[in-house]
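Here the structure is laid out as structure tokens; the discussion comes afterwards.
All values derive from a computational prediction rather than experimental measurement. Start at 1 with the first residue, then count along the sequence.
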Amino acid sequence: MPPKTRWVERITVLILSCLLFSCTPSKESQVVFSVGGTPAELRGWELLVRDFRKQSGITVEILLLPADTDQQRQSLITSFEAGVRNPDVFLMDVGWLALFSHSGWLEPLEGIDTAPFFAKVIDLADTYNGDLVALPIYMDGGLLYYRKDLLEASGISAPPNTWEELVRSSLAIQPKMRKKRPDFYAFVWQGAEYEGLICDFLEFAGSNGGFVLEDGSIHVNTPQNRRAVQFMHDLIWKYKISPPNTYTEMKEEQVRRWFQRGDALYERNWPYAYRLHEEEGSVVRDRTGIAPIPAPKGSTSVSTLGGWHIGVSRFSDAKREALEFVKYVTSYQGQKQMVLLLGWNPGRQDLYSDKEIVEKMPNFPKLKEIFRNARPRPMVPYYTQVSEIVQTKINGVLAGRFPADGALAEADEEIAALLRRYGIP
């Protein structure tokens, strides 16, 4: 090959290399943020990103994900399994944290003061092997809605602290209400075969129940859990204060509508329902109170943790800038902006006493107390499969197909078989 031809080839390779690498715009001052949600939520993020850029000089590109949470989860998993560098920052449902942490996809968040956040949430959900790997952005937790007017009319001064108190007040008030509203049931909750059933089950069991034992093993067939599942069954069939379609149809919105049309005394639901109950035209407007979930006798109240958390990808090539964005989003002003724009329940507990926020959302101080007792579902990477097993068994008890002790014993056997397949001790 003539020397001139070789020289031309070398120059060509050098130019291509420049185009592919050196001449590619630097990502040092740009972060890709992956998020889904409603149009209002996306508008809120756009405003937050704009303000962050003005303050830091770092550009954030929003990578839109589908509104469906399962599709969001699968999109992130696909990116991480491929080891691609984008997104740098992303939101996670709390139920994904164990899988993402165990898989090594989350970069530790260093240099962040966690004192303003709910301590139990940080310890139980956002910390993995001693490293902080996420921070809560939006808090969710189960709570009890109640009709203030109906309790007062019956001479009851406060909502129930225990399940026994809930049953007593329900049996006293339901017959009176049935004379005017034949479809009235005292207590509506999520009993259909889906993830919401597990959230309710953990709350019925209280602080002594759950999946994970002290030695770290996964078991549901415990005395506390058997009592909880039997009680759930009895609410429908023995006390008859929950409707028969609880185990077939009752999810969040079915429960919310039942209470909102005035056909229930108590409702177990998430905080989102409060704004809807207070809308103009709602039968329960100005008549609704919120309280912690009752506890079994001898136990303490538990609120199942839900919500969204923010993290940084281990594969990011802009980790420093991504961490700065996380700090801004989780700052007092950043989270306050999202509260005022969207009515979100922030991950920072210091915002629940902010005067401007409390003036617009007077239920915030009560939410703070409820969230202090919030507890996540089992933080294990195979939780989804475990949940599907337990859902089926508990729903079968509610339908009257299985006894509580036999159903939970079968659940433990199937969970053990699942773990053996995965080689998990």
Side-chain angles (χ1 to χ4, degrees), residues 70 73 93-99 102 124-125 142 163 189-238 242 244-252 255 268 293-296 298-299 301-306 374-425:
D70 287 336
R73 175 178 176 271
D93 183 278
V94 66
W96 309 346
L97 279 169
L99 172 61
H102 182 78
L124 299 177
W163 292 118
W189 45 280
Q190 294 78 30
E193 188 177 332
Y194 78 119
E195 183 62 23
L197 174 59
I198 299 299
C199 296
D200 285 32
F201 157 66
L202 291 173
E203 294 167 353
F204 279 114
S207 60
N208 295 329
F211 287 42
V212 183
L213 302 186
E214 290 184 2
D215 63 0
S217 59
I218 299 289
H219 289 290
V220 291
N221 187 26
T222 65
Q224 295 87 352
N225 290 346
R226 289 196 294 270
R227 285 195 293 270
V229 174
Q230 184 62 50
F231 178 69
M232 294 163 74
H233 168 276
D234 290 348
L235 288 170
I236 304 169
W237 303 112
K238 178 181 177 180
S242 296
N245 67 341
T246 296
Y247 69 91
T248 57
E249 299 176 24
M250 285 298 193
K251 297 184 178 182
E252 282 84 0
V255 165
R268 185 274 173 203
I293 296 291
S299 182
S301 173
V302 164
S303 174
T304 300
L305 178 67
R375 186 173 71 180
R377 282 150 280 176
M379 300 299 291
V380 291
Y382 43 86
Y383 168 72
T384 301
Q385 296 96 316
V386 171
S387 174
E388 290 171 355
I389 292 171
V390 181
Q391 288 173 36
T392 301
K393 300 305 179 183
I394 294 179
N395 187 260
V397 174
L398 302 186
R401 295 194 301 268
F402 315 128
D405 54 353
L408 295 188
E410 288 183 7
D412 270 353
E413 291 176 3
E414 293 185 23
I415 291 169
L418 169 73
L419 301 186
R420 285 196 297 270
R421 288 199 299 272
Y422 282 97
I424 300 170

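With hydrogens and angles ignored, the 3.5 Å screen pairs no side-chain donor or acceptor of Asn208 with any backbone N or O of Gln224. Ser299 places a side-chain N or O within donor-acceptor distance of the main-chain N or O of Ser207, the cut-off being under 3.5 Å. In this structure a side-chain-to-backbone donor-acceptor pair under 3.5 Å is present from Trp237 to Leu398. Proximity of a side-chain donor or acceptor of Asn221 to a complementary backbone N or O of Leu408 within less than 3.5 Å is not detected. Put simply, the side chain of Arg377 never gets that close to the backbone of Glu195: no donor and acceptor are under 3.5 Å apart. Remark: side-chain polar atoms of Ser301 are paired, donor with acceptor, to backbone N or O of Ile293 under 3.5 angstrom.
The structure places CD of Glu414 at 5.5 Å from CD1 of Ile389, a figure rounded to the nearest 0.5 Å. Note that CD of Gln190 is 11.0 Å distant from NZ of Lys251, once rounded to the nearest 0.5 Å. Within the model, atoms CZ of Phe211 and OG of Ser387 stand 6.0 Å from one another, a figure rounded to the nearest 0.5 Å. To the nearest 0.5 angstrom, Ile198 atom CD1 is 9.5 Å from Glu193 atom CD. How far CH2 of Trp163 is from CE of Met232: 9.0 Å, rounded to the nearest 0.5 Å. To the nearest 0.5 Å, the span separating CD1 on Ile218 from CD1 on Ile415 amounts to 7.0 Å.
When all heavy atoms are compared, the tightest approach of Pro296 to Phe204 is CG-O, 3.3 Å. In terms of heavy-atom proximity, Met379 sits nearest to Leu97 at CE-CB, 3.6 Å. Taking all atoms of both residues into account, the shortest heavy-atom contact from Gly210 to Ala205 is N-CB, 4.3 Å. Closest non-hydrogen pair, Phe402 versus Lys393, comes out as CD1-O, 3.8 Å. The nearest pair of heavy atoms linking Val302 to Gly206 is CG2-C, 3.5 Å. Looking at every heavy atom in both residues, Ala407 comes nearest to Val397 through CB-CG2, 3.4 Å.
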Step by step, work out the side-chain hydrogen bond (donor to acceptor under 3.5 Å, both in side chains) result for Tyr422 and Gln385.
CA-CA 11 Å; Tyr422 282 97; Gln385 296 96 316; 2.7 Å; yes

Evaluate the side-chain hydrogen bond (donor to acceptor under 3.5 Å, both in side chains) criterion for residues Glu388 and Tyr194: first the C-alpha distance (whole Å), next the side-chain angles of each, then the deciding distance (0.1 Å), finally the verdict.
CA-CA 8 Å; Glu388 290 171 355; Tyr194 78 119; over 6 Å; no

With side-chain hydrogen bond (donor to acceptor under 3.5 Å, both in side chains) as the criterion, how do Thr222 and Asn225 come out once you've worked through the C-alpha distance, each side chain's angles and the decisive distance to 0.1 Å?
CA-CA 5 Å; Thr222 65; Asn225 290 346; 3.3 Å; yes

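Between Phe201 and Thr304 there is no side-chain heavy-atom pair separated by less than 4.5 Å.
In summary, of the residues considered (Asp234, Ile394, Asp405, Val390), a side chain to side chain contact (heavy atoms under 4.5 Å, CB included) with Val229 occurs for Ile394 alone. Applying the side chain to side chain contact (heavy atoms under 4.5 Å, CB included) test between Thr246 and each of Val255, Ile236, Leu197, Asn395 identifies Ile236 as the sole match.
Comment: Arg268 engages Asp200 in a salt bridge, judged by a side-chain N to carboxylate O separation of less than 4.0 angstrom.
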